[in-house]
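What follows is a single structure, written as structure tokens, with notes after it.
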Amino acid sequence: MRFLALETSCDETAAAVFTEDRVILSNVVASQIDLHARFGGVVPEVAARAHLQRLLPVIDEALNRAGIRLEQVGCIAVHNMPGLVGALLVGVSAAKMLALSLGVPLIAVNHIASHIYACRIAAGRDIFPSIGLVISGGHTALFHCRSALDFELVGSTLDDAAGEAFDKVAALLGLGFPGGPAVENEAAQGNARAFSFPRSFIHDERLDFSFSGLKTAVRYALGGPNAAHPAPPGPGRLRADLAASFQQAVIDVLVGKSRQALRQTGLQRLAVGGGVAANRTLRAALEQMAQVEAAEVFIPPLSLCTDNAAMAALAVEKWRAGEFAALDVDAVPTLG
């Protein structure tokens, strides 16, 4: 049984082929970073138009790398939520067309759940029940994952997502887009204790996040409270220290809330997904925390952290459970 999965939720056009045993036969991603870099962030209309141009070639490449023909596909999977609605519609429409023309089942997959399921793919064994932490440009959330198909939201950001904060701080520091890798590289040269930035809700029992105040604190450190648009600092100690101190504040919150979730639920497994999970300093901090808590932490390789279609192998679980989508399934921009 071969699945063809599509991903167009944001600014990555992706397709993957995998089997019912979760063996990834191909995983092709066409990045749009070059299209959005000059805007300092993802422009939804630009992303949707790029998906229209790139999706069919990406599908063709995924089939070629997998060594199969389109007619050998037995099921179509697509991320239909959450994301940019115009971008999602491209993938959902293509998936419907493929399922109808091939006469095969269609499975709609939650993009956020797939980020956690990427840990299951990488581990090669069951990781549930667990706490799931998704940290990306659009989402920062904690889930009680009772099984691969039973997720309960237990905490989320009240404003900016962690990845969004990285992008905004990168813009303040003049580091470019995408902000995650840019800030991480700059932070490697700085002192993470040079600035005492806020760690919102770090001592609260609730499992929610807030990063907008942290972004504002960085802006104030640059130009004071009255500077509306402070000039980015040039290369040197100040910029590196700001990046390192900001990054450490984000990491402290993410690690702290993950620890709280493990203790509150009594679970001993933590599954982490999303683009921000590619941050090496964060990965090390989560692993150290898990060791202290006598818990297991699952973090996928970098290729499965950022948006991709291989993580939609969650569709295998839905296929086994008989959870198929109708051909009128829609794109849903929100998480719930």
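- Between atom NE2 of residue His79 and atom CD1 of residue Ile107 there is a gap of 11.5 Å, rounded to the nearest 0.5 Å.
- Each salt bridge (charged side-chain N to carboxylate O under 4.0 Å, His left out) pair with one or both residues in residues 297-314, not counting sequence neighbours, would appear here, but there are none.
- A salt bridge links Arg263 to Glu293: at least one charged side-chain nitrogen sits closer than 4.0 Å to a carboxylate oxygen.
- Among all heavy-atom pairs drawn from Asp159 and Phe211, the shortest one is OD1-N, 2.9 Å.
- Both Phe18 and Phe324 are members of a single hydrophobic cluster when ILVMFWY side chains are connected at heavy-atom separations under 4.5 Å.
- The structure places CD1 of Ile135 at 5.0 Å from CG of Leu254, a figure rounded to the nearest 0.5 Å.
- Counting only distance, with no hydrogens or angles, the side chain of Gln260 and the backbone of Asp204 share a donor-acceptor pair below 3.5 Å.
- A donor and an acceptor atom, one from each side chain of Thr13 and His51, are located under 3.5 Å apart.
- Gln32 has its side chain out of reach of Val42: every pair of non-hydrogen atoms, C-beta onward, lies at least 4.5 Å apart.
- One finds no salt bridge joining Glu287 and Arg283 here, because no Lys/Arg side-chain nitrogen approaches an Asp/Glu carboxylate oxygen to under 4.0 Å.
- A donor-acceptor contact shorter than 3.5 Å links the side chain of Asn80 to the backbone of Asp330.
- Cluster membership check: Phe128 shares its hydrophobic cluster with Val109, using side-chain heavy-atom separations under 4.5 Å among Ile, Leu, Val, Met, Phe, Trp and Tyr.
- Under the 4.0 Å criterion applied to side-chain N and carboxylate O atoms, Glu12 and Arg54 are not assigned as salt-bridge partners.
- Contacts of Phe195 classified as ring pair (Phe, Tyr, Trp, His ring centres under 6.0 Å), with partners at least two apart in sequence or in another chain: Phe197.
- The main-chain N or O of Leu56 is never found under 3.5 Å from a side-chain atom of Asp60 such that the two would form a donor-acceptor pair.
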